[in-house]
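Remarks on the structure that follows.
Worth knowing before you read on, the calculation uses all heavy atoms, side chains too, and leaves out hydrogens, waters and symmetry mates. To find a chain, count down the sequence lines: A is the first, B the second, and so on, and within it residues start at 1.
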Amino acid sequence: MADTPPDARRQKITGAKVFASDYRPRDLADEGWPADCAHALLLRSSHVDRPYLRLDLDLLPADLRPDKLVRAQDLTSPPYRNQISAESVQALLPEGEVADYLGQPVAIALYGDFVRFRRAAQELREDAGPLVYGPPQATGPTPTTAQELEEWTHLRATGARRQAHFLLDTTVPQGYSHWSRGRVTFDGTSFVRDNQPDPEADELFRALAAEPTDPTETQLVTTTFTQQTDPAFLEPESGLGWLDRTTGALHLLLGTQSPHGDVPDLRRLLGAGNPAVSSIRLTTTDSGGGFGGRDKSPFAFYLALAAVFSPGPVRLAYDRREQFQGGLKRHGSAVRSLVRTGPDGRLRSMRSFIVLRGGVEANLNGAVLGLAALHATGPYRVPRASVHGIVLERAIPAVGSMRGFGIPQVAFNLETALDRLAVLRLGMDPIAFRLANVLRPHTGPGDGDVDLAGTPLRFHVANAEICAAALAHPLWRTRNDPRRADGTLYGVGFACCMEAFGTSQDSVYSAVHLTDDGRVEVWGQNVDMGQGARRSLEQAARELLGAPVDVRLGVVGPFEKFEKQVDDLGEHRLAGIKLSHGASSASKTAFFHVHVLRETCRALLRLRLVPAARTLLGLPTLAEDVLLAAWRDGAFRLPDHAPVSLAALVAELRRTGAATYAVAHGYFCNGWSSATFRVDGVAHAMDIDALGFATSPEGQVLLPEYQGPLRPPPGEGPGKATVPRSLYAAAGHLVGVEVSPRQGTIRVVDAVTFLDAGDPLLPSVIEGQVEGGLAMGISHTLFEELPEEAGAGPFVNFDRYRMPRYADVTAIRRETVLVPLPPGGVLAGGGPVLRHKGIGEATMTTVSPAIANAVAHALGHTDDRCWPAATPIRVADLPLPAGRP
Amino acid sequence: MQEPQTALDLTVNGTRHTGRDVPGDMSLVHFLHEDLGLTGTKIGCSIGECRACTVAVRPHPGAALVTRQSCMTSMRHVRGWDVVTVEGLATGDTLHPVQEAFLERDAFQCGYCAPGFAMAGRVAVEHAAGERDERGVEALVDAVLGPHVCRCTGYNRYREAIIAVASAATDERPAEPAPEPSPMPETRPPARTVTARLSAEESDALGYTPLFDDPTLELVRLLRDGAEIEHSLLVQYLYAAFSVEVPRYTRLAGWPSHRYGGRPLHLMGVAIEEMTHLDIVNGLLVALGSAPHLGRQQFPYEKDIYPFDFVLEPLSLKSLAKYVYVEASPEAVDPDRPHTPEDRAFIERLYEVLGAGAQPRPNQVGSLYRKVGRVLALLEKREPDRLDYPTWQARLDVLREEGESEHFALFRALFEGTHPALLGAHRVWDPESPDHPVIRLHHATGLPPSGEPVRDETVPALRHLANLHYWAVCMLLDQSYRRGGQFHSAARRHMTGPLRSLGTALAHLGEGVPFDAFVAGYAPGRDERENLLLSRSMVSQTAIAQERYARHLPPDYAHTCAWETLWELSLLE
């Protein structure tokens, strides 16, 4: 490698302090932290069928009783608000009440020294502990997921908070869709739009629900189940907190995916007018994995409470069992699809009912469900569709976002359904069948398809290219070749998806600082949890500025200040451009953050470095494009002139009191926002909507004037509803499996990932996501199974929750096929030419259905039962051929 | 619960830490983090499963470098260890080749598991020099890294990185001298001449009439009795733990949240403590120059020590009564002593359940160790330089104390239905009660009728494999006691991994773990070398059997366990 390894990576393999769990208060002495460290432990309720009465500390050995307790009664309102979400889930369960969910904390126990804490923790984690309960109360039977799904196919549900519905009819002009009509909801009897009954939607739903009357039509009903899983990132949640009582500043250090969301959430818990806490200062560290499980995690609430009530700095660190008990999970699912095709092998309609099993609180239920529903028809052209999703919230620990965001659950259903439909009902090659039905983006006026929401596919998506590549791949073409007869069954399966990246209203900040020694500091909002965010931003900034780059991630503070300044102008509200702060996910860096970073770098280059270069070169009228063309490797290199280096330019900027720091905001919603800035009398059009300069990161940020109004992206269709998603990356997997009836094993032996990633910013990072996505997909499909008692106590660890070890997956023959991106880039002419897509999640979505389809092929495609209908797939559930040993 | 401090004597990254005491129950990784401030070693699971906490260890000078999971290793077990952590892997600013290879190949993503992989890689590279070819190197690397968990990557870059470095290492023979044979954990006793007769004074001090005048011989006799009892109790409690209905009574069974050290709060906790008792007893045997003893008392017990037959049975009021009785101090269940009304009612109920078989207060297990303590005192008088007597007396105190107070308290609470895990349940020991916490396990041998194969059906296959792991554990422990605890982590790995998984799966089918005694004993070889080879054969047999019966195995069965142990055993050749 030409470049020296960046520091953070080196630190991670030399044992330097990198992760939140590495830090102790004594490591933060430079920031004023006292050296002593208390340790916090959550005491959790094990029952939801009986009241929690009180804590009886006499049940603990005397030397293991905590030095201090934080209980619900300590959270007096005001200022405190004893809630961990927008809804009525309490942070700490008060005495006399039945827990809102299994494992709900009742108290935070604080210990002044580690050894006593450790011993108490062991004891408390194992014993029923000092919690005293009242007698059990009668509770009704809990419905099974299958029963819940059955009810939901009649749009009946209990305990529901979140629903999502998409109705689509493209068979008539001005047909029904989210795009053309707007957002539709269901009130228990009929569909509702704009608070009015929507008879058109009712009619469409009924028409699709009617029994098929065309005898040439084929209908296939498929019901699938996927299990609840744990993100199982390897670093359990951990953090430090300290309330500096002299200033009222609450200092927190933790690894979170949502630092910007956490601070206001904590403020609500602690109370805006809390006299003890004047400010919250959150320092974000790299995380030992995230996968969505650190996005709005309840952990931060307990760390903050512990810190506010602890006399000095305090550490809260879950162990693995607590992480399994209290950490966010992926939704288990039950999905039923009803797919109809015509005699030509074209899809005619699809109905889909999705039940996601949620936890106690909203968390990101709504967002996950919305995305699951939007992807229920996959990358396919379905003329008429009726998709209905619901999250059933249950008294189990919070279930939130996880890599794939609801899409793997529906893809497992759809992709196994289509495989079966093609092979058993239509007698077609299942990839050719897909290829004939995939959605194609617009290439010119009037062509191209719409997604399930009716949104025209303006931007690039390579569904057809991926199916075509898989169809031609040797692994597929040789799948039926004779193999050695060793008793194992070999099969190859395919599955594909088109997966949205971004959140549909992506508000992104970036800042760049040029230092005196000619280095570049990049400040980002997002965090690095292994997805390569740091290195990708580094690379993007280095490509443009040609100098060594240091990246600081998870920055909280400067962007909030900038937001306020920009918001005060009033322009953004007027234009409908959001200035909020998003969370980090594996699919956001390459497209969103890199774009705004590049615009920020370009702003510095054009608006600050070019003028300084003119001065230093003594060429005050030299054209901007001549200078920009001469910018290489961190210097302006004009013929007959000595190179003008970044350090020299910064010195010149310093001398004249000009800015060396720039901060910018961009907004994506079916396109990037843009604006024209007037700087030194010259207009500069940029694909960002706010820009600021300062002489240092701490300095006063000055906003250049806008020339003309802001140009918001076209975020709404005729129905006046925000477009749910418009950016998609396609992906697919060809997987070869060996099923050994003798050994009872299913092993993935071949895997080809097809990916519509655009140009790799860093090939190694893309490959890393491909390899990791495959491993996690295999893990979800063949390994992970959360014991039912997970929430009730600290009962689950990696001994019982099996994930693939090194030995389980290193022998796979693996290949990546990257689909090339056309010259128009991701936005295909609908904005700046950007060449990277977000693929961190798409890399795992199709692994499960591809394995299931491979298993079906291995079993000989003899009947419907060959396609596994539930994950994890177990050999015991498969109809193995007769004559097995 | 006593938490004795342990004398610190540990070398970390070349620096020797000694001259003070640390808590014996503290794990090595917590010591590294909280005491030394070295947080490069990561905690992922705290039970030795994920290997993020892997450090490289030379247990004594000249020993082979091995991987150890620092999260499941207590400070009381690390005396004399030379540990390398990720902080000590580089030499100054020069990274170790494994670290370089990780960076070059972008082997890690979030990086949290990377220190564990780096240390395992370091160990594999050290041993690669002994491999003849590329395939040997690959097999070695796969064996050492096989159990590691990474959630971000697909592992292959780690594999390629380490194989590349290890292959380069095969070309360079290590400069270090060949490992020397391991010294015995304690100095050998001086040659003894004719045994001195027991004096009247000595006899009085003992408080009983020993069978032998030679205190060493008497100690060996008593300790072998003790070892058999601890082993039997361990197996009986383990069996009872598997009989508990889960998930409802998970806290009573304790197996999902087992840990090491600390007050036993459930059946698994007691079973684990019996294992540590077994360690103490065997440790003293070895210190006395005797062989360790992994045998189990056959039927019936010597009635003066343990008045009940050895029975593998599900938990019941009757079995609890026996456990209470055995673990009690003489005073606690003596009907002739004054008691509070509650205690009196308890004692009466106890004898009522025990029925005619129980005599009011015979001798019991605690008194065995009192005898051992007194004979040890006699030995100290005669041979004051032979052993570290205060340490052994302290350990015997722990052993006695844990039985008579903590185990007794636990079993009494269960017997009376007042244990917190039983709160809210009614008529718990009535088998007809819906709250009865026990699965009626069917018990049968795992041995096939002679000359017949183990049937290829789930229950016989699981029983057989459970036996193999149990026998492997016993053989590994036997070897371990002879070699300063070298295979303790391996033995524990088999117990908490495959054996736990098999026990759970069998209980799910209403079957118990057979725990058949191995007819050959656990050190059937002629000498140390033969015993080691036979132990390896036993572990190999588990590897063969787990493949042969793979389709019957539960999903959480750890296939890598046997392979890892085989690798560790291979280092001794």
(message) So for B/Leu145, is it side chain, backbone, both, or neither that comes closer than 4.5 Å to the heavy atoms of chain A?
(response) both
(request) Please state whether the side chain, the backbone, both or neither of B/Ala558 comes within less than 4.5 Å of a heavy atom of chain A. (result) both
(message) So for B/His33, is it side chain, backbone, both, or neither that comes closer than 4.5 Å to the heavy atoms of chain A?
(response) both
(message) Is any side-chain heavy atom of A/Asp808 closer than 4.5 Å to one of B/His559?
(response) no
(request) For the residue pair A/Asp799 and B/Ile47, establish whether any side-chain heavy-atom pair is separated by less than 4.5 Å. (result) yes
(request) Would you check, one step at a time, whether the test side chain to side chain contact (heavy atoms under 4.5 Å, CB included) holds for A/Val875 with B/Arg551? (result) CA-CA 8 Å; A/Val875 170; B/Arg551 72 192 171 93; over 6 Å; no
(message) For a quick check under 3.5 Å, do A/Asp286 and B/Tyr112 share a side-chain donor-acceptor pair by atom type?
(response) no
(message) Testing A/Arg320, A/Arg800, A/Arg802 one by one against B/Glu49 for a side-chain hydrogen bond (donor to acceptor under 3.5 Å, both in side chains), which residue passes?
(response) A/Arg802
(message) Under 4.5 Å from any heavy atom of chain B, what part of A/Asp22 do you find: side chain, backbone, both or neither?
(response) both
(request) Mark yes when over 12 heavy atoms from residues, nucleotides or ligands other than A/Gln137 sit less than 6.0 Å from its CD; otherwise mark no. (result) yes
(request) Check each atom of B/Tyr549 against the heavy atoms of chain A and say whether the ones under 4.5 Å are side chain, backbone, both or neither. (result) neither
(request) Against chain B, label A/Arg26 side chain, backbone, both or neither, depending on which of its atoms sit under 4.5 Å from a heavy atom there. (result) side chain
(request) For atom CZ of A/Arg874, decide whether the heavy atoms of other residues, nucleotides or ligands shown that lie under 6.0 angstrom number more than 12. (result) yes
(message) Surrounding CZ of A/Arg50 (heavy atoms of other residues, nucleotides or ligands, distance under 6.0 Å), is the total greater than 12?
(response) yes
(request) With a 4.5 angstrom heavy-atom cut-off, could you sort out which part of A/Pro231 is near chain B: side chain, backbone, both or neither? (result) backbone
(request) Could you tell me whether a side-chain N or O of A/Arg742 sits under 3.5 Å from a main-chain N or O of B/Arg548, the two making a donor and an acceptor? (result) yes
(message) Can you tell me which portion of A/Glu322 sits under 4.5 Å from chain B's heavy atoms? Options are side chain, backbone, both or neither.
(response) neither
(request) Give, as side chain, backbone, both or neither, the part of A/Glu767 having an atom under 4.5 angstrom from any heavy atom of chain B. (result) both
(message) So which atom in A/Phe291 and which in B/Arg151 form the shortest heavy-atom distance, rounded to 0.1 Å?
(response) CE1-CG, 3.3 Å
(message) Run A/Arg10 and B/Leu95 through side chain to side chain contact (heavy atoms under 4.5 Å, CB included) and show every step you take.
(response) CA-CA 9 Å; A/Arg10 191 182 166 108; B/Leu95 295 181; 3.7 Å; yes
(message) Please give me the minimum heavy-atom distance between A/Lys17 and B/Gly37, naming the atom from each residue.
(response) NZ-O, 3.5 Å
(message) Using a 4.5 angstrom heavy-atom cutoff, name the option from A/Ala317, A/Pro804, A/Gly773 with the most pairs to chain B.
(response) A/Pro804
(message) I'd like to verify something: which residue of A/Met803, A/Met776, A/Arg24, A/Glu785 has the highest number of heavy-atom pairs under 4.5 Å with chain B?
(response) A/Arg24
(message) With heavy-atom distances below 4.5 Å as the criterion, would you say the side chains of B/Val141 and A/Tyr806 are in contact?
(response) yes
(request) May I ask you to test the A/Arg118-B/Pro23 pair for a side-chain heavy-atom distance under 4.5 Å? (result) no
(request) Identify which of B/Met26, B/Arg51, B/Glu34, B/Arg159 forms the greatest number of heavy-atom pairs closer than 4.5 Å to chain A. (result) B/Glu34
(message) So which atom in B/Ile43 and which in A/Pro236 form the shortest heavy-atom distance, rounded to 0.1 Å?
(response) O-CD, 3.5 Å
(request) Examine whether an atom of A/Ser779 lies under 4.5 Å from a heavy atom of chain B, and if so say whether it belongs to the side chain, the backbone or both; otherwise answer neither. (result) side chain
(message) Please classify the contact of A/Phe114 with chain B as side chain, backbone, both or neither, using a heavy-atom distance under 4.5 Å.
(response) side chain
(message) Ignoring hydrogens, what is the shortest heavy-atom contact between B/Gln99 and A/Ile13? Give both atom names and the distance.
(response) NE2-O, 2.6 Å
(message) Tell me whether B/Arg157 is salt-bridged to A/Glu771, with the criterion being a basic N under 4.0 Å from an acidic carboxylate O.
(response) yes
(request) Please state whether the side chain, the backbone, both or neither of A/Glu235 comes within less than 4.5 Å of a heavy atom of chain B. (result) both
(request) Counting only heavy atoms closer than 4.5 Å, note whether A/Leu234 contacts chain B via side chain, backbone, both or neither. (result) both
(message) Between A/Arg9 and B/Asp106 (salt bridge meaning N to carboxylate O under 4.0 Å), is one present in this structure?
(response) yes
(request) Heavy-atom distances under 4.5 Å only: say whether B/Thr560 touches chain A with side chain, backbone, both or neither. (result) side chain
(message) I need the minimum non-hydrogen distance between B/Gly44 and A/Phe798, along with the two atoms involved.
(response) O-CE1, 4.0 Å
(request) Against chain B, label A/Ala876 side chain, backbone, both or neither, depending on which of its atoms sit under 4.5 Å from a heavy atom there. (result) neither
(request) Please report the shortest heavy-atom distance between A/Ser46 and B/Arg251, naming the atom on each side. (result) OG-NH2, 2.9 Å
(message) At a heavy-atom distance under 4.5 Å, which candidate from B/Ala90, B/Pro555, B/Gly497 has the highest pair count against chain A?
(response) B/Pro555
(request) Could you tell me which of B/Ala550, B/Gly154, B/Gly146, B/Gly40 has the largest number of non-hydrogen atom pairs under 4.5 Å with chain A? (result) B/Gly146
